[in-house]
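Residue numbers start from 1 in every chain, and the chains themselves are labelled A, B, ... in the order their sequence lines are given, proteins ahead of strands.
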Number of protein chains: 2
Amino acid sequence: MNQRATRQRRAVDAVLAEVDDFRGAQEIHDVLRRRGDSVGLSTVYRTLQALADSGEVDVLRGADGETRYRRCSQGHHHHLVCRDCGRTVEVEGPAVERWMDSVAARHGFHDVAHTLEVIGTCAGCHPG
Amino acid sequence: MNQRATRQRRAVDAVLAEVDDFRGAQEIHDVLRRRGDSVGLSTVYRTLQALADSGEVDVLRGADGETRYRRCSQGHHHHLVCRDCGRTVEVEGPAVERWMDSVAARHGFHDVAHTLEVIGTCAGCHPG
DNA sequence: CCTCTCATGAGAATGATTCTCATTCTGATC
DNA sequence: GATCAGAATGAGAATCATTCTCATGAGAGG
Ligand SMILES: [Zn+2]
Ligand SMILES: [Zn+2]
Ligand SMILES: [Zn+2]
Ligand SMILES: [Zn+2]
């Protein structure tokens, strides 16, 4: 999807490759600046969007309204996210996918898409 | 949950009672003004939030980032929404609920919540 | 009526994201 | 290596939903 390889895109890509949970644009922008590999905020946003459009990263919008991105494995899946530390687990549920499709079809809906996210407190963040 | 019954709260409530799909705060504010039963935008937001907190209305955040509200039936359910006309169907899926809980438990997550929405084009909006 | 609060609303403030546009850079070509 | 068209960048302004501020208004009980 991207046409030109620039330092900026490589830099954003690098940050995504290093972490294992969802990160926001501003957060990535900060990391880069702190690292001395500064990239304009607009560019961070643009790059992230391009990556999302091309399916290279997954997008998640948190309760705080901030959009976060994560380089995931290929293939359709959903996420189990810790509300405290952000730890993310990819999960698949073929039966659930089938259910969503069938319930949509049953009601005459076409071109169906869906969002499904599970949020909780992970074992590491759960006292006791 | 609300403490005082005011004209404004009644007005917002009335709009929600009249429609059958998700509506945004600004939209409700406009309807009220047009109707001559004007309510301050801040108050619309506040009322909607209170209704959401008390569980009287369901909340849905669209792809455009706007939060929409709908007076739904009691009990836990999810929604099948038309991306064109907004027509909304409530759906239940006990098996899906169980799956989400079990996958969370399997990964050691506690206090789990989830979001699940299905979006598509309804029969009425689908040509052919 | 009185008063004690909670509620209201106009407008300012917030905060994430997008847009503008002059400048810089990439990649292909010569 | 030198050129060039078009893509990419980024500083700052603009957007837009939502929240906040705080002076004023209005429930509810006495
Ligand atoms: Zn993913
Ligand atoms: Zn955790
Ligand atoms: Zn799915
Ligand atoms: Zn429709």
Side-chain angles (χ1 to χ4, degrees), chain A residues 1-16 21-54 56-70 81 83 86 115 117, chain B residues 1-16 21-54 56-70 81 83 86 115 117:
Chain A
M1 244 84 248
N2 284 331
Q3 310 199 309
R4 295 181 181 182
T6 64
R7 169 185 72 78
Q8 289 86 343
R9 287 176 188 177
R10 247 169 286 133
V12 171
D13 243 34
V15 174
L16 288 172
D21 35 0
F22 284 85
R23 303 293 173 137
Q26 321 233 29
E27 198 175 349
I28 292 174
H29 174 254
D30 281 347
V31 170
L32 289 171
R33 171 161 28 168
R34 222 173 289 130
R35 172 181 305 186
D37 196 12
S38 206
V39 172
L41 184 55
S42 302
T43 300
V44 174
Y45 272 108
R46 274 189 294 243
T47 302
L48 252 14
Q49 264 179 335
L51 289 170
D53 287 346
S54 74
E56 290 188 68
V57 303
D58 277 4
V59 182
L60 198 52
R61 224 168 40 209
D64 60 359
E66 191 179 356
T67 305
R68 280 165 235 270
Y69 305 81
R70 175 175 190 262
V81 183
R83 61 166 62 83
T115 64
E117 306 296 338
Chain B
M1 250 79 254
N2 285 330
Q3 308 199 310
R4 293 181 181 178
T6 64
R7 169 186 72 78
Q8 289 87 341
R9 288 176 189 178
R10 247 170 286 134
V12 171
D13 242 35
V15 173
L16 287 172
D21 35 0
F22 284 85
R23 303 294 173 135
Q26 322 232 29
E27 199 174 348
I28 292 174
H29 174 254
D30 282 346
V31 169
L32 289 171
R33 171 161 29 168
R34 222 173 290 129
R35 172 181 303 186
D37 197 11
S38 207
V39 173
L41 184 55
S42 302
T43 301
V44 174
Y45 273 108
R46 274 189 295 244
T47 302
L48 252 13
Q49 265 179 334
L51 289 171
D53 286 346
S54 74
E56 288 188 67
V57 303
D58 277 4
V59 182
L60 197 52
R61 224 168 38 205
D64 60 358
E66 191 179 356
T67 304
R68 279 164 235 271
Y69 305 82
R70 177 177 189 262
V81 182
R83 61 165 62 83
T115 65
E117 305 296 339

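Of all non-hydrogen atoms in B:A11 and B:D37, the two that sit nearest each other are CB-OD2, 3.4 Å. A:R9 and A:R4 get closest at one heavy-atom pair: NH1-O, 3.0 Å.
Atom CZ of A:R23 is separated from atom C1' of C:dT17 by 20 Å (rounded to the nearest Å). Here D:dA8 presents its C1' atom at 15 Å from CG of A:D13, a figure rounded to the nearest Å. In this entry the distance linking CG of B:D64 with P of D:dT15 reads 18 Å, nearest Å. For the pair A:E27 CD and C:dG15 P, the interatomic distance rounds to 16 Å; values are reported in whole Å. Protein atom CD of A:Q8 is 12 Å distant from nucleotide atom C1' of D:dA7, rounded to whole Å. At whole-Å resolution of the value, NE2 in B:H29 and P in C:dA10 are 7 Å apart. Distance A:R9 CZ to C:dG27 P: 10 Å, rounded to the nearest Å.
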**Request:** Quick one, give me the B/S/- string for nucleotides 18-30 of chain D, reading 5' to 3', where B means a protein heavy atom under 4.0 Å from the base and S means that only happens at the primed atoms, P, OP1 or OP2.
**Result:** BBBB----BB---
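Here CG of B:D30 is found 5.5 Å from CZ of B:R33. Values are rounded to the nearest 0.5 Å. In this structure, CZ in A:R10 is found 11.5 Å from OG1 in A:T47, a value given to the nearest 0.5 Å.
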**Prompt:** Passes side-chain contact (heavy atoms from CB on, under 4.5 Å), A:E56 versus A:L16? Steps please.
**Reply:** CA-CA 11 Å; A:E56 290 188 68; A:L16 288 172; over 6 Å; no
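Among pairs with a residue in residues 23-43 of chain A, none fulfils ring-ring contact (aromatic ring centres under 6.0 Å, His included), at least two apart in sequence or across chains.
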